[in-house]
J.: 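So that we are looking at the same thing, I have put the structure below in structure tokens.
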Amino acid sequence: MSRLLNVILTAVSSRAIPPLVIGFFFLLYIGVAFFTDETLIALMALTHDSVILAAILFLIPLNYTLRMVRETMKYRKMRTVMTGKTADGRAELFEEQVEIPRSPMAPADLESRLADVGYKTGRSENSLSAWRGVSLFPARLLFLAGTFCLFTGILVSITTRTSNRRMVIEGEPLPTPGGTGGTVERISLAQSSGPILIRDLTMEVAPSNSGYGKKTFGIYPPSLYGGAFIYPRFLGLELLLRFSAPGIPSGYEKKCILNCYPPGKEHSEVIPNSPYRIVFSVQEPAAGSERYSSYITGNVPLQFKLLKGSEVLFTGGAPIGGEVVRDGYRLGFPGIRRLVVTDFIGDYGVFFIWAAGLILAAAGCIWLPVRLLFPRREMFFRFEPDVTYACSRAEGGARKHAGVFHETLDLLNAGNG
């Protein structure tokens, strides 16, 4: 049983697992592409609904977890060997191992020789170790940890992500999925002073009864509120419409959600149980004006067309707070409020992905200077009664290190002559 477990662990921790899993999903992506244009979304949905596909994807973070454990054990074993406490496992730890007859050259002389060429040394009763430079173990461990976080984040996002699209309206409670939002005091759009975004969209929310304090949400980075990330998507307007016409003496009143931004985009509102339809749009700004100036100022030049079937009865502007009366038709616009179509995303995988970015950046910042300027080079000599075992490994500067190692072997062999 123990042997079978070791075989399974060795297979799962193999470096071949990540490319095999990625290759499998790539082939699956190609297959899904034959049936839909939204291939990536369909593949994510398929993985979300399939325990088998999720388990296959789980192999990657499991693989990196086992490799971190194996890397740590290998590093600790190397340190144990270098201190002379054990000689077991030399073949798997070092890149080169040579056996030569025991030389009469004293270990102290060999230690002095290696110190002269820049190596630090350590000697025990029957062994000598020499090293220089800094180990890349921290960078390797960080790289494995960062990759683990990346694929764990992808797995968590695909299997647990939830999405709810809601209307955030000025003066209304923030419609979080948990129903814990405070009142939206103000929605504003302004020119951005930052180097990336052209405009800043902010939503100011008053404190809620559930203990959330006053909060301001922007476009980026997304804010976490009530257990969900808030992603503003589209600008819009909420219009209170009152309408009456010949044959509809009682009139009609409704709060209309107008998806009519950017300016020039039209939104239709059908009057139920009647042939009438009203088409709303925001007037295009004058040449040279800010395209979203009406949304920024709140002074919205709303335009409308009243249609009966396909016939346009009349067009005009909508004075907010007033009404338009013509030929027995009455259109009233008592109030208008800004709104933002917003996605509330429950996705805790992003924490792992953000952590992966930071960890991988740290790994790169450590690896590059160490690899170029202070690469780790190690030698180990164990003196048995009739034979000397000489071992060598290098994480960088291998040619120079190999020259020193082979010169040292020549000195030991010369002593035999």
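For the numbers below, each heavy atom of this structure counts, side chains included, while hydrogens, waters and symmetry mates do not. All residue numbers in this chain count up from 1 along the given sequence.
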J.: To the nearest 0.5 Å, how far apart are CZ in Arg67 and CG in Leu144?
T.: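 Rounded to the nearest 0.5 Å, the CZ-CG separation comes to 5.5 Å.
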J.: If we only count heavy atoms from C-beta on, is the Leu306 to Val324 side-chain gap below 4.5 Å?
T.: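 Leu306 does not reach Val324 side chain to side chain.
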J.: Decide yes or no for Leu331 and Phe314: does some side-chain heavy atom of the first lie under 4.5 Å from some side-chain heavy atom of the second?
T.: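 A side-chain contact exists here, since the closest heavy-atom pair is under 4.5 Å.
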J.: Going by heavy atoms in the side chains, are Met203 and Ile230 under 4.5 Å from each other?
T.: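 Yes, their side chains come closer than 4.5 Å.
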J.: Taking atom CD of Glu185 as the centre, report whether more than 12 heavy atoms of other residues, nucleotides or ligands fall under 6.0 Å from it.
T.: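 For Glu185, atom CD is crowded (more than 12 foreign heavy atoms under 6.0 Å).
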J.: Applying side chain to side chain contact (heavy atoms under 4.5 Å, CB included), run through Leu235 and Leu201 and close with a yes or a no.
T.: CA-CA 10 Å; Leu235 303 179; Leu201 175 67; 4.0 Å; yes
J.: Which heavy-atom pair separates Gly397 from Pro375 by the least distance, and what is that distance?
T.: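 It is N-CG, 4.1 Å.
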J.: To the nearest 0.5 Å, what is the distance between NE2 on His267 and CD1 on Ile278?
T.: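 Reported to 0.5 Å precision, the distance equals 10.5 Å.
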J.: Just so I know, are the side chains of Phe344 and Val168 near enough to count as touching, which here means a heavy-atom distance under 4.5 Å?
T.: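 The answer is yes; the side chains approach within 4.5 Å.
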J.: Is the shortest side-chain heavy-atom distance between Val341 and Arg165 below 4.5 Å?
T.: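 Yes - at least one pair of side-chain heavy atoms lies under 4.5 Å apart.
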J.: So does Tyr231 have more than 12 non-hydrogen atoms from other groups sitting under 6.0 Å from OH?
T.: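 It does: Tyr231 OH has more than 12 such atoms within range.
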J.: Would you check, one step at a time, whether the test side chain to side chain contact (heavy atoms under 4.5 Å, CB included) holds for Leu313 with Asp327?
T.: CA-CA 10 Å; Leu313 298 180; Asp327 301 329; over 6 Å; no
J.: Is the CG atom of Asp116 crowded by more than 12 outside heavy atoms at less than 6.0 Å?
T.: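 Atom CG in Asp116 is packed in, count exceeds 12.
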J.: Is it true that, when you exclude Phe26 itself, more than 12 heavy atoms of the residues, nucleotides or ligands shown sit nearer than 6.0 Å to its CZ?
T.: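 No, because the 6.0 Å sphere around CZ of Phe26 holds 12 heavy atoms or fewer from other groups.
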J.: Are any of the side-chain heavy atoms of Val117 and Glu407 separated by less than 4.5 Å?
T.: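 A side-chain contact under 4.5 Å is absent here.
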J.: Assess the residue pair Phe25 and Ile56 against the criterion (side chain to side chain contact (heavy atoms under 4.5 Å, CB included)); give the C-alpha distance rounded to whole Å, side-chain angles, the decisive distance to 0.1 Å, and a yes or no.
T.: CA-CA 9 Å; Phe25 276 96; Ile56 292 173; 3.9 Å; yes
J.: Please round to the nearest 0.5 Å and tell me the distance separating atom CG of Leu53 and atom OG1 of Thr47.
T.: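 The CG atom of Leu53 sits 5.0 Å away from the OG1 atom of Thr47.
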J.: Just wondering, are more than 12 heavy atoms of other shown residues or ligands nearer than 6.0 Å to CG in Asn273?
T.: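 It does not: Asn273 CG has 12 such atoms or fewer within range.
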J.: Under the ring-ring contact (aromatic ring centres under 6.0 Å, His included) rule, what pairs show up with a residue in residues 112-152, not counting sequence neighbours?
T.: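 ring-ring contact (aromatic ring centres under 6.0 Å, His included) check on residues 112-152 returns Tyr75-Phe137, Tyr119-His401.
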J.: Can you check whether Ser14's main-chain N or O pairs, donor with acceptor, with Asn63's side chain at less than 3.5 Å?
T.: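 Judged by distance alone, yes, a pair lies under 3.5 Å.
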J.: Under a 3.5 Å distance rule, please check whether Glu170 uses its side chain to pair with a backbone N or O of Ile187 as donor and acceptor.
T.: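 Looks like yes, one N/O pair under 3.5 Å.
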J.: What is the distance from atom CG of Leu241 to atom CG of Leu239, rounded to the nearest 0.5 Å?
T.: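 Between atom CG of Leu241 and atom CG of Leu239 there are 6.0 Å.
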J.: Is it the case that atom CZ in Arg76 sees more than 12 heavy atoms from other parts of the structure closer than 6.0 Å?
T.: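 Result for CZ/Arg76: open.
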J.: Among residues two or more places apart or on two chains, list those pairs meeting salt bridge (Lys or Arg N to Asp or Glu O under 4.0 Å) that have a residue in residues 14-23.
T.: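 Those involving residues 14-23 do not exist here.
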J.: How far apart are the closest heavy atoms of Leu155 and Ala54, and which atoms are they?
T.: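 Closest approach of Leu155 to Ala54: CD1-O, 3.8 Å.
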J.: Between the side chains of Arg140 and Glu395, is the shortest nitrogen-to-carboxylate-oxygen separation below 4.0 Å, so that they form an ion pair?
T.: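 Salt bridge flag = yes for Arg140 with Glu395.
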J.: Using modelled atom types only, decide if a donor and an acceptor are shared between the side chain of Ser50 and the backbone of Leu46 within a distance under 3.5 Å.
T.: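 No.
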J.: So which heavy atom on Thr160 is nearest to which on His48, and how close?
T.: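 Answer, listing the atom of Thr160 first, then His48: N-CD2, 4.3 Å.
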J.: Looking at side-chain heavy atoms only, is the closest gap between Arg277 and Ile271 below 4.5 Å?
T.: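 No - every pair of side-chain heavy atoms lies 4.5 Å or more apart.
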J.: Could you go through Leu110 and Phe383, starting from their C-alpha distance and side-chain angles, then the distance that decides it, and tell me whether this counts as side chain to side chain contact (heavy atoms under 4.5 Å, CB included)?
T.: CA-CA 12 Å; Leu110 180 59; Phe383 307 103; 4.1 Å; yes
J.: Tell me if the CZ atom of Arg233 is crowded by more than 12 foreign heavy atoms within 6.0 Å.
T.: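 More than 12 within 6.0 Å, yes.
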J.: So which atom in Arg166 and which in Pro175 form the shortest heavy-atom distance, rounded to 0.1 Å?
T.: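 Where Arg166 meets Pro175 most closely, the heavy atoms are NH1-O, 3.0 Å.
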J.: What orientation do Phe280 and Phe304 show, parallel under 30°, tilted 30 to 60°, or perpendicular over 60°?
T.: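 Tilted.
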J.: For the residue pair Tyr276 and Tyr329, is the inter-centroid distance of their aromatic rings smaller than 6.0 Å?
T.: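 Ring centres of Tyr329 and Tyr276 closer than 6.0 Å.
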J.: State, yes or no, whether a side-chain contact exists between Glu96 and His406 at a heavy-atom distance under 4.5 Å.
T.: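 Yes, close enough: below the 4.5 Å cut-off.
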J.: Does CD1 belonging to Ile52 count more than 12 external heavy atoms closer than 6.0 Å?
T.: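 At most 12 heavy atoms, drawn from other residues, nucleotides or ligands, come within 6.0 Å of this atom.
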J.: Which heavy atom of Ser157 sits nearest to which heavy atom of Val350, and what is that distance?
T.: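 Minimum heavy-atom separation between Ser157 and Val350: OG-N, 4.0 Å.
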J.: Between Phe351 and Tyr348, what is the ring plane arrangement, given parallel below 30°, perpendicular above 60°, and tilted in between?
T.: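 Answer is parallel, since the angle falls under 30°.
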J.: Under a 4.0 Å N-O cut-off, is there an ion pair linking Arg242 with Glu253?
T.: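 Salt bridge between Arg242 and Glu253, a charged N being under 4.0 Å from a carboxylate O: yes.
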J.: Compare every heavy atom of Ile257 with every heavy atom of Met167, then report the nearest pair and how far apart it is.
T.: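 Distance-wise, the nearest heavy atoms are CE-CG2, 3.8 Å.
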